[in-house]
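First up is the structure itself, then whatever we jot down about it.
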Amino acid sequence: MTVVISVQNLHKSYAGHKSYAGQSYAGHKVINDISLSINKGECYGLLGPNGAGKTTTLRLLLGLIEPASGTINLLGHPIPQQASTARLRVGVVPQMDNLDPDFTVAENLLVYGRYFGMTDAQITSRLPMLLEFANLASKRDAKIPTLSGGMKRRLTLARALVNDPEVIFLDEPTTGLDPQARHLIWQRLRELTAQGKTLLLTTHFMDEAERLCHRLAILDQGRMIAQDSPRTLIQQHIEAQVVEVFGEHVTAWAAENAATFAPRFEVSGETVFCYVTEAQPLLTHLQEHGELRYLHRPANLEDVFLKLTGREMRE
Amino acid sequence: MKSQLLALPHLSLRFIPIWRRHFLVWKTMAVTSILGHLADPIIYMLGLGYGLGSMLPQMGGTSYLVFLAAGTICYSTMNSATFEALYSGFARMHEQRTWEAILNTPITLDDIVVSEILWAASKSLLSGLAVLVVIWMLGLSSSILSLWLIPLSLLVGLCFAALGLIMTALAPSYYFFMYYFTLVITPMMLLSGVFFPVEQLPPMLQIVAAILPLSHAIDLARPLLNGLLPSAMLLHISVLAAYTVFGFYTSLVLFRRRLSQ
């Protein structure tokens, strides 16, 4: 298997005077000893709460900021030394839209392709395919402010493909989209991996990561706290079944009974999460206590994520 | 880390696609832009030139209108480059995130800063050309030497674009630019001999005027419009070039620092 991205012992800290969202980040480690290796054709996810270091990792890999220490190799090029050359074969979907508002859909693609040194003829020959891929063929001459959020995201994805990249970085590609728009993006991303493209995406949607990613890493406060396939992570870190119990007096119920049925449980607000390998005894008990409502489901990535990163807000 | 911030600029031809992007944006409002470049100097020259000129029949050995023409072409080019580097540059860097999009391609920050300076200077060139056309049409200059004001407009544009980008690199918001206009651009316009000869100023202010880039631009433009070769030509060109290099390098270091955070 060909390794297209490899990172060893990456560190980055913001040394100074800069404050972000009211907090002082003096000497704060934003990336703390991250190592990873991504194979060709893989979809690799970076998961983590806000401020975990996901976007910083992408910026380091692109050579836009310099690491304090550690080595990065992207498509055979050492980063940041040969970042510009490496970026020739990379596409980026940024977190916030930065399409050119003065241009039409087609002009956005044309202008962006030129940044890669492509000729107008080369770009124009790829245009129909890119517009088709983004479901924007009918919007070719529309101005950007007239597009919906989903259309802008799809155009940003098409723009990232203008240079036919081997690796595509996606920073929260579906944040702020409605379910229909998200499903269309997911379908397109699966098509790209089917074509053999390598995808590196950040997200905080667990269903997105579970569906799309072959492997993923969970980041928290700049550290990588777990890395594997979604299924293995669930098997390794969490009991197979989850029963969510909610309703009035649920805390009192939990204090008295939860430990009897569930080896591990968590109280969060008005919900009790019971993690069990065998759910039947708990379900029978709950059916006898009709005042409590419950939801029985298989464990998922979100349970792993919350177990590893905790339930408290990160702000 | 420090050494990378201070590294010498790495120049390449990758600024060309960015320049073409700006040109494509400009093309959509070319008519408005050109009319603006023409109207502003016409209003100034006719208003001040005929109004004040009727009371001041002679200044610096020519009519006041001819005297004012040289100043007008220099401050118009200064203003064009300054506005472009400050307001439009800030919009591209901060508000529209155009730079962020471009930096994800093989283009580097050094290329972007070069493209900003060259683009702002291109608008200065256009502005200078517009004023020159007005000057010719009003019959204020008939010397072939006046053609040299075309490359001079470009040089003045490069100089003030590079200086303006220092402000853009430091600006937290658009309001910040008011300081630059109030404390730098307006005093420069009043002290550099746009409206009256520098010799009219008290000696202290004449020394200040001597280090301002706009004075050097005007010292080149005024004789050329009158069909004379400027004295100390090399000195004036060198000063403008030095300000350009200083502005380019300083703004580049500041942009590197700003965008690495």
Region of B/I18 in contact with chain A, defined by heavy-atom distances below 4.5 Å: both
B/R97 vs A/P94 side-chain heavy atoms within contact, under 4.5 Å: no
Which portion of A/L88 sits near chain B, non-hydrogen atoms under 4.5 angstrom: both
Verdict with supporting geometry, A/L62 and B/N104, side chain to side chain contact (heavy atoms under 4.5 Å, CB included): CA-CA 7 Å; A/L62 287 166; B/N104 286 330; 3.6 Å; yes
A/R87 CZ to B/L103 CG distance, which is reported to the nearest 0.5 Å: 7.0 Å
Rounded to the nearest 0.5 Å, how far does OG of A/S84 lie from CG of B/D110? 10.5 Å
Crowding at CZ, B/F246 (>12 non-hydrogen neighbours, <6.0 Å): no
Quick one: are A/V92 and B/T105 in side-chain contact, heavy atoms under 4.5 Å? no
Taking non-hydrogen atoms and a cut-off under 4.5 angstrom, which of residues 20-29 of chain B neighbour chain A? B/R20, B/R21, B/L24, B/V25
Summary of side chain to side chain donor-acceptor pair (under 3.5 Å) pairs that have at least one residue in residues 70-80 of chain B, sequence neighbours excluded: B/S80-B/S127
Take a 6.0 Å sphere around CZ of B/F90 and say whether it holds more than 12 heavy atoms from other residues, nucleotides or ligands. yes
Which portion of A/D97 sits near chain B, non-hydrogen atoms under 4.5 angstrom: backbone
Using 0.5 Å steps for rounding, measure from the CD atom of A/E66 to the CZ atom of B/R256. 10.0 Å
Verify, without hydrogens or angle tests, whether B/S260 (side chain) and A/I65 (backbone) share a donor-acceptor contact under 3.5 angstrom. no
Over 12 non-hydrogen atoms of neighbours within 6.0 angstrom of OH in B/Y179: no
Chain B contact via A/R89 - which portion, at a heavy-atom distance below 4.5 Å: neither
Under 4.5 Å from a heavy atom of chain B, the part of A/F103 involved: side chain
Neighbour count above 12 (heavy atom, 6.0 Å) for A/R223 CZ: no
Nearest heavy-atom pair of A/Y115 and B/P106: which atoms, and what distance? O-CD, 3.8 Å
Step by step, work out the side chain to side chain contact (heavy atoms under 4.5 Å, CB included) result for B/Q96 and A/D100. CA-CA 7 Å; B/Q96 295 185 4; A/D100 256 316; 4.2 Å; yes
Need one label for A/N108: side chain, backbone, both or neither, based on atoms under 4.5 Å from any heavy atom in chain B. neither
